[in-house]
Amino acid sequence: MYETNYHRASSVEEAVKLMGAAAEGKYLSGGMTLIPTMKQRLAAPTDLVDLRHIAEMKGIAVDGRSVRIGAATTHEEVAASAALAAVCPALCGLASRIGDPHVRHMGTIGGSIANNDPAADYPAAMLALDATIVTDRREIKAGDFFTGLFETAIENGEIVTAVRFEAPARAAYQKFANPASRYAMAGVFVARRDDGAVRVAVTGAGADGVFRHPGLEAALAANWSPDAVANVTIDASALLSDLHASAAYRANLVKVLAKRAVAAA
Amino acid sequence: MAKITMTVNGRQVSGSCDDRTLLVHFIRENLGLTGTHVGCDTTQCGACVVHMDGQSVKSCSILAVQAAGSSITTIEGLAANGELHPVQAAFKAHHGLQCGFCTPGMVMTAVDIIRRHGSGLDEATVRAELEGNICRCTGYHNIVQAVLAAAAGMGGARQAAE
């Protein structure tokens, strides 16, 4: 790891100020991606601004069907939240399958979505839940937030402070995890609203990162059942091919996982 | 250089290290507590698991400065008054190790699993929870038996105390 300078912020304002004074700084949340990346010398920030001790960025608040999760809330806290499980158990289940227990004790929802790894789980949930990403300066709809591989609408120095969404009537997430990394080789989050509107988001498979699938959404809005998925064509041309799976294989996984998700929702 | 203070195994310790120093290296090299191992150094294997503020974490993927002010428990901090911790005793009784390199991380993980799940653990849960710990001898069978036995024993002891 290259040399770096560590700073611990105790408020969002302080974090922004520290970042403003840094040459090439990075915000550090749980660090479960950033620290390993720095160890490999794939990232070399001059400064790290630790967000883990900012109280206002932690915790889960559920008011009726409205959910707000602080960005510094860990995967373990999301997985274990009884209040969240009462309205959106799909998100608890998703969090409980990220990485391993030790990673879940450190990794945070804000860190995951700000990093926007194309195989991360949370971006699919945010997109399918039509979540709002709250930052220190504005609110961004998930559909506008995730812009490409490891790319988001976040500007220099901006901090994701929370996410908000209305819990859907039914939802589920299914992933096919890479057996070594546990990242999604494909992951599908389905959500159905009380009015019958359906959103389907796919992670791990898209060549440009997380995406919604209009074909699956239309089919499931017309008929909310695994059978409805059978007639949908998943175009492999926009999917990822790598040493783990071909695009055609991922296209098939998306279909299988969408069926499983609808069955589980 | 950073000057940091933390509580390790109940004792307040201070030391100087680079901001980039990993917690596991601070524990091993500054504090001389070499029970915490570096296996893969890529966040995969879990040989470096310690507890930070009561939760299991991979100390090869945390900077020492991130842990400043926290309370750390390493494998050296489990035994008390010359008696093995019940999880250590169960690993001994069930021969939950072969070469022993992964054992500190396995034991620290097992303590955390039992903390979160209590005595009602089943084998499938233990195997799923050991996802972040790799035994390159592939000696998982006896490790799982040891965790189950420890959970049952500790649950019984807790009930007796209540």
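Within the 4.5 angstrom heavy-atom criterion, only side-chain atoms of Met106(A), from C-beta onward, approach chain B. For chain A, the nearby part of Val49(B) is the side chain; its heavy atoms alone come within less than 4.5 Å. Only the backbone of Ala180(A) comes within contact range of chain B, with at least one heavy atom under 4.5 Å from a heavy atom of that chain. With a 4.5 Å cut-off on non-hydrogen atoms, Asp41(B) touches chain A through its backbone and its side chain both. Residue Asn5(A) touches chain B through both its backbone and its side chain, counting heavy-atom pairs closer than 4.5 Å. If you measure heavy-atom distances from Gln40(A) to chain B, you find no contacts under 4.5 Å at all. Looking at Leu28(A), the atoms closer than 4.5 Å to chain B (heavy atoms on both sides) all sit in the side chain, from C-beta outward.
With rounding to the nearest 0.5 angstrom, the CZ atom of Arg52(A) is 7.0 Å from the CD1 atom of Ile62(B). Here the straight-line distance linking atom CG of Asn133(B) with atom CG of Asp100(A) works out to 7.0 Å at 0.5 Å rounding. Here the straight-line distance linking atom CE of Met38(A) with atom OG of Ser61(B) works out to 12.0 Å at 0.5 Å rounding.
Residues Asp112(B) and His102(A) bring no donor and acceptor atom of their side chains to less than 3.5 Å of each other.
The interface of residues 123-131 of chain B with chain A, defined by heavy-atom distances below 4.5 Å, comprises Glu129(B), Glu131(B). Within residues 8-33 of chain B, the residues having any heavy atom closer than 4.5 Å to a heavy atom of chain A are Asp19(B), Arg20(B), Leu22(B), listed by residue number.
Each of Thr109(B), Thr42(B), Ile113(B) has some count of heavy-atom pairs under 4.5 Å with chain A, and the biggest count is that of Thr109(B).
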Taking it one step at a time, do Gln55(B) and Thr74(A) satisfy side chain to side chain contact (heavy atoms under 4.5 Å, CB included)? CA-CA 12 Å; Gln55(B) 294 190 315; Thr74(A) 65; 5.7 Å; no
Passes side chain to side chain contact (heavy atoms under 4.5 Å, CB included), Lys39(A) versus Cys60(B)? Steps please. CA-CA 10 Å; Lys39(A) 285 167 67 177; Cys60(B) 82; 3.7 Å; yes
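When every heavy atom of Arg116(B) is checked against every heavy atom of Pro101(A), the shortest pair comes out as NH2-CB, 3.7 Å.
Identified under the ring-ring contact (aromatic ring centres under 6.0 Å, His included) test for residues 93-113 of chain B, with sequence neighbours left out: His37(B)-Phe101(B).
Two residues are said to be in side-chain contact when any heavy atoms from C-beta on lie closer than 4.5 Å; Gln66(B) and Leu48(A) fail this criterion.
With sequence neighbours left out, the ring-ring contact (aromatic ring centres under 6.0 Å, His included) criterion links His75(A) to Tyr122(A).
Residue-environment remark: CG (Asp242(A)) exceeds the threshold of 12 foreign heavy atoms within 6.0 Å.
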